[in-house]
Amino acid sequence: MASDTPATTVPDTMSAMLLIGHGDIDRLVYRDDVPTPQPGPGEVLVRVTATAKNNTDRKAREGLYPVKKGQVTSFAMGGEPTLTFPRIQGADIAGRVAAVGEGVDPSRIDERGLLDFNLYADARCDINLTPDYYGHGADGGFAEYVAVPADQFHAVPNSELADAELAAMGMCSYQTAYHMMTSAGVKAGERILVTGASGGVGTALIQLCRIVGAIPYAVSQPEKAAALEALGAEAVIDRGDLQSFVERVLDATGGAPIDAVMDLVGGEMTDLFIDTMIHDMKARATYPRLSIAGASGGNISEILWTRIYLYQVQIFGVSHGTREEAEQLVEWIRAGRLKPVLHAAFRLSDLHAAERYFVSRGSNFLGKIVIVPDSQWEAHGAPFALAPVSSTLEPRS
């Protein structure tokens, strides 16, 4: 792991990428004169070394979180919209504690850690009813510094993990994945269909299924099969040819029904995912379960409700997760049970290029992109810069 620069005096201003309104990437403006935040009571100031990019950054920027049909906006689950401009995006933050607020032990300065990205409405550990997050309802990590709650910045000293790799294991993907599983009550021995398997949440789901003893079947492109199987997928089912999709899933399982689907796709495939669970109800031991936390294939699915209630399909809408789940994930990271799947790093000043690459990524894309402040690039970004020649990416271990 590359060593960080020594602790220094916190500057009055910093570099940051500001989102100034809904729209295309031209609404992201790089500035080097943004006031550095100050840690309040119970907070730490983190010197950011790497922040993983998530699809939610793009969707929030483009206003693609409607909660009513026809809306073009970002979600406001607590009532009033919390995405105001200018906003610094970036949820999955790794870095070092640069300063502490009142009530926080000064010995935490220089501690390396990972942020639980949630803006929790209360102190409950087992539920999160109005999900919001750093980078949306409060400034995030596409900057040199960020102030966050001390109890949500979890120390991860593991020397085998570079900061960019730690950011790639951030809670936006892993906590969402784990909450999809806990909501559906995924158990050891169950066959789990993971859609959108090559992205951040998908690769997290594959690993987490194996940790709890479930058997993940990945839906992705054939050229990613070797890497996904190396990560833990039992088999990889080509997402093409919809007419034969269910048959190919059942071929992979030996004819046994899928116990639960972890869906990040939606759209016209939702009905097919349900078909993989209900084709032989007498062979099931539990109710069919569908956890959905994304809609990359389309925000509207046509489903016969008679299929849902007659087959007793249980549907779980998932956004983010809980404090308890975040703490469990950090324990697994510290124990080395979760592995980073890092695709590449980009400089913060090159965020426009990273956004374009993210949406037009080709078949070699697997895992996470991280954004590294220019001032931290040589230590934490350069070793993971995008290779000039594309090749099939193996997950880093």
Side-chain angles (χ1 to χ4, degrees), residues 13-34 48-66 71-76 81-94 117 132-146 164 167-168 170 172-173 196 198-201 264 294-299 342-377 380-382 384-388 390:
T13 59
M14 65 177 183
S15 295
M17 188 68 75
L18 301 181
L19 177 63
I20 60 173
H22 288 303
D24 206 345
I25 56 175
D26 64 305
R27 308 302 282 168
L28 292 165
V29 178
Y30 187 68
R31 297 276 298 271
D32 61 6
D33 59 351
V34 177
V48 178
T49 53
T51 300
K53 189 175 156 28
N54 292 288
N55 198 38
T56 189
D57 302 320
R58 176 190 64 83
K59 294 184 73 173
R61 169 170 53 80
E62 295 181 1
L64 299 180
Y65 281 124
Q71 277 186 338
V72 179
T73 186
S74 188
F75 66 85
T82 61
L83 177 59
T84 57
F85 305 109
R87 172 67 74 224
I88 299 171
Q89 293 187 290
D92 287 334
I93 301 166
F117 77 125
D132 201 354
Y133 59 96
Y134 284 90
H136 183 275
D139 285 338
F142 291 161
E144 291 184 294
Y145 293 90
V146 62
C172 190
S173 290
S198 65
V201 179
L264 302 161
S296 63
N299 203 30
L342 173 59
H343 181 68
F346 284 78
R347 295 176 188 266
L348 177 59
S349 60
D350 289 335
L351 185 59
H352 285 195
E355 291 281 354
R356 285 192 292 267
Y357 182 83
F358 185 84
V359 298
S360 63
R361 54 193 186 268
S363 61
N364 71 319
F365 190 102
L366 187 75
K368 302 294 288 187
I369 286 174
V370 299
I371 307 301
V372 176
D374 293 38
S375 59
Q376 300 287 336
W377 177 254
H380 299 293
F384 305 99
L386 190 66
S390 64

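The model shown is predicted, which means the values in this text are computed figures rather than measured ones. Heavy atoms only: backbone and side chains are in, while hydrogens, waters and symmetry mates are out.
With sequence neighbours excluded, the residues that form a side-chain contact (heavy atoms from CB on, under 4.5 Å) with D57 are K53, N54, Q89, F142, E355. The side-chain hydrogen bond (donor to acceptor under 3.5 Å, both in side chains) search around D33 returns R31, not counting sequence neighbours. Contacts of R58 classified as salt bridge (charged side-chain N to carboxylate O under 4.0 Å, His left out), with partners at least two apart in sequence or in another chain: E62.
Summarising the geometry, atom OG belonging to S349 is positioned 11.0 Å from atom CG belonging to D32; distances are rounded to the nearest 0.5 Å. In this structure, CZ on F117 lies 8.0 Å from OG1 on T56, to the nearest 0.5 angstrom. Here I93 contributes atom CD1 and T51 contributes atom OG1; the two are 5.0 Å apart, rounded to the nearest 0.5 Å. Taken to the nearest 0.5 Å, the CG atom of L351 stands 10.0 Å off from the CD1 atom of I369. For the atom pair L19 CG and I25 CD1, the distance stands at 12.0 Å (nearest 0.5 Å).
Nearest heavy-atom pair across T49 and P373 is O-CD, 3.8 Å. M14 and A143 get closest at one heavy-atom pair: CE-CB, 3.8 Å. Closest approach of Y30 and S15 over heavy atoms only: OH-CB, 3.4 Å. Scanning both residues, D139 and R87, for their nearest heavy atoms gives OD1-NH1, 3.0 Å. Residues A60 and L83 come closest through the heavy atom pair O-CD2, 3.8 Å. The shortest non-hydrogen separation linking V372 to A50 is CG2-CB, 4.2 Å.
H343 places no side-chain N or O within 3.5 Å of a backbone atom of K368 that could act as its donor or acceptor partner. A donor-acceptor pair is defined here as one N or O able to donate and one able to accept, closer than 3.5 Å; no such pair exists between the side chain of D132 and the backbone of T82. Judged purely by atom type and a 3.5 angstrom limit, H136 has no side-chain atom pairing as donor or acceptor with the backbone of G90.
Side-chain contact between L28 and L18 is absent, with no heavy-atom pair separated by less than 4.5 Å.
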Could you go through the side chain to side chain contact (heavy atoms under 4.5 Å, CB included) check for F384 and V370 one step at a time? CA-CA 9 Å; F384 305 99; V370 299; 5.6 Å; no
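Note on ring orientation: taking the six-membered ring where Trp is involved, the planes of F346 and Y357 are tilted (angle from 30° to 60°).
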